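Everything on this sheet refers to the single structure shown next.
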There are 2 protein chains.
Amino acid sequence: MTIPGGDKRVTLADVAKLAGVSKQTVSRVVNGSAHVTEDTRERVLHCIETLGFRPSALARQLSTGRSQTIGVVSNGGQGYLVTGVAYLGMVRQADRMGYALLIKEMVDFSAGSVRAMLDFLIERQVDGVIWAGPEIGDSHAWLDDFDLASLPMPLVAINAKARPGVDTVSFDNFEAGRLATRHLLSLGRRNIGHISGPANRWVTQQRVEGWRAALAEAGLPEAGRNLVEGDWDVTSGGPGLRRLREICPQLDAVFVGSDRMAIGVLAEAHRLGLRVPEDIAVMGVDNQPESAFLIPPLTSMTQDTPRMAEVALRLLVRRICERRGEPYPEACAIPESPVLYHDLVVRASTLCSKSPTR
Amino acid sequence: MTIPGGDKRVTLADVAKLAGVSKQTVSRVVNGSAHVTEDTRERVLHCIETLGFRPSALARQLSTGRSQTIGVVSNGGQGYLVTGVAYLGMVRQADRMGYALLIKEMVDFSAGSVRAMLDFLIERQVDGVIWAGPEIGDSHAWLDDFDLASLPMPLVAINAKARPGVDTVSFDNFEAGRLATRHLLSLGRRNIGHISGPANRWVTQQRVEGWRAALAEAGLPEAGRNLVEGDWDVTSGGPGLRRLREICPQLDAVFVGSDRMAIGVLAEAHRLGLRVPEDIAVMGVDNQPESAFLIPPLTSMTQDTPRMAEVALRLLVRRICERRGEPYPEACAIPESPVLYHDLVVRASTLCSKSPTR
DNA sequence: CTGAAAGCGCTTACAG
DNA sequence: CTGAAAGCGCTTACAG
């Protein structure tokens, strides 16, 4: 089996000459235009097959001005798991809608880097951008004083603070923190600590606020001191637990910012001879597939990251179509700034029952 | 802050007109040609800045015939974790070498799908392809009777059987299986079972053979029956262990094909009241960051997937340059079909010592 | 050092 | 239904 077209590119013109028609007609056949005789269509198709003609997407893109490509900007440094899963949602949705994904990674989020990245995407003429880097401190501030309408293409930011004039698709991390904490409170825990993600992240800050809100609701505002910063990674779980117990010796529950860190917490609790959940209840966020199989099975919050990515892509396609004044596919009728919610999944690491909740 | 160029694209010609030079000269400045007076260069640069000119990568690609884009074909269905990590290695290396990554996903690996995927990549005129889909049964057979030289661009297959005429970058999974089994044998285990990945995968088959080879070396060929098929996923670990114990009641060790499945095995062993490793030694493959923090810490085999991806990309760039008769960067001096090896990391799940190996 | 011309491979109006 | 012309925005020889 040989794929033709190895030596020299076969072009529209080649097919046209062989078929004895104009390039225009070949183009019509390729693009499925109705205005072609069945007769000539077949002849052209035959010639295409014979020559192994494959239209140059590049040439088409240049003349139509649309690249059918979406740029995805992420940072893979941390949280690669989330990124990996998110890619899945995007790649599939993009495929379905006829777009390809151009992947770029940011190393830092300085103004210069952001600008260089945008320049790159403009030069490549992507039809739209999914901005999936983490919102670090004010790193997305440029989104604020940025006239996004002046960008040649629409942009949708993932898991970023909603702002007027910028499309975002995010989880409600405040609500997640509050829900998690309410769960622990409902079990009678009163000394609830929190091991958060990196403190400069918007996601982290939202969850901390939710956690504190729930504590305040329960009349335990002072418990809001029981906070330790982690880095999402398993290695920061154990040290986090130790520090929390120094701050609060009566600690009886930990809301951990990620299942990965929670694994470290479980290991450390085991090492310290603490029973989970009898002595200390532990819960995470992410609900990774493995979490149901830890010892004990871990209570967690499901976060449908692929869905977030998919929704973002749909919204982006809607924006792309709108800018061009074209109708957008029904699947893209996504509201302005959609918010997704976590689901609480309760397992034995918080529930003192002997019956497995798995 | 406003990014210019929103309304209508600024072109070379616009800059040329404003600067009072030819398009050709502007092109020279943009591409850093030496043959430009410092004087005119500055003037042109100024005009570029003023107009916010950004060269169209599309137009350049069309005229140069190179897209500076590499197509990555993967299946994200299973093993997204590995894929996610692999992306990291590729994205970074690609960035460094001035390439962007175009991500595509295969749903099935039928001949038709493969062909369609290749057609897509040809149409997009990617400079090269990384084929990262799993090698399922004969799904890569097309690589054999395929005149790859007839493809317009070079292709490197990741984790696929080495074949003459096809570039591959793989782990030595046979050696991995053998090494793992030898480790268990060295601990005095004799009834060693294996929970493999999907049986139709090349990777799986290699590991099974390595496992059997080690058993045969030890004079225990009949233990090769203690094989159960898993699906890489945590959920198949528990059932796998139960089936193995039915097949071989004296089972005293399990070589598990992935750390994720091993987590399921540990959970099930715990449920059954089996002590790990006293009653049964358990080890996995992948050495995920979490594995050191399981209860007990899991012996595993480190697999440097980002490195594999990076090496593949370098080799690909080498091929791209070679085809064009250009010298390739030193970093791309990768040998023909590089093979990577797993490292054995021994932890408490196989070693009956009380001192933590973490 | 600088420029006019042709070309990369398509598509988009506009005629016929 | 079909075709000739111009254009998308660059680069590549070739002159001067």
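Throughout, a chain's letter reflects where its sequence line sits, starting with A, and its residues are numbered from 1. Treat the numbers as computed from the prediction; the structure is a model and nothing was measured.
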Residue-phosphate contact under 4.0 Å: [X] side-chain N/O, [N] OP1/OP2:
X      : N       : result
T25(A) : dG3(D)  : yes
T11(A) : dG9(C)  : no
S27(A) : dT11(C) : yes

Problem - For dA13(D), the Watson-Crick or wobble partner whose two distances fall under 3.5 Å - result: none
Output the single nucleotide from [options] whose closest atom is nearest the side chain of [X].
X      : options                  : value
V36(A) : dT2(C), dT2(D), dT11(D)  : dT2(D)
T37(B) : dC8(D), dC1(C), dA4(C)   : dC1(C)
T40(B) : dC10(C), dT2(C), dG3(C)  : dT2(C)
L12(B) : dT12(C), dT2(D), dC10(D) : dC10(D)

When the distance from [atom1] of [X] to [atom2] of [N] is rounded to whole Å, what number comes out?
X       : N       : atom1 : atom2 : answer
E123(A) : dG9(D)  : CD    : P     : 14 Å
K23(B)  : dT2(C)  : NZ    : P     : 18 Å
R124(B) : dG9(C)  : CZ    : P     : 18 Å
L58(A)  : dG9(D)  : CG    : P     : 14 Å
R60(A)  : dG9(D)  : CZ    : C1'   : 18 Å
L51(B)  : dG9(D)  : CG    : P     : 14 Å
N31(A)  : dA13(C) : CG    : C1'   : 15 Å
D14(B)  : dG7(D)  : CG    : P     : 15 Å

Problem - L62(A) vs Q24(B), nearer the 5' end of DNA chain C by closest nucleotide - result: Q24(B)
Problem - Which residue lies more 5' along DNA chain C, comparing R28(A) with S63(A) via nearest heavy atoms - result: S63(A)
Do the non-hydrogen side-chain atoms of [X] and [Y] ever get within less than 4.5 Å of each other?
X       : Y       : answer
L316(A) : I70(A)  : yes
L18(B)  : L51(B)  : yes
Q68(A)  : D127(A) : yes

Exercise for the section: Give one of base, sugar-phosphate or nothing for V21(A), where a contact means two heavy atoms less than 4.0 Å apart. Expected result: sugar-phosphate
Practice task
Would you check, one step at a time, whether the test side-chain contact (heavy atoms from CB on, under 4.5 Å) holds for S27(B) with L12(B)?
Solution key: CA-CA 7 Å; S27(B) 173; L12(B) 259 192; 4.1 Å; yes
Exercise for the section: Answer yes or no: does atom CZ of R307(A) have more than 12 heavy-atom neighbours from other residues, nucleotides or ligands under 6.0 Å? Expected result: no
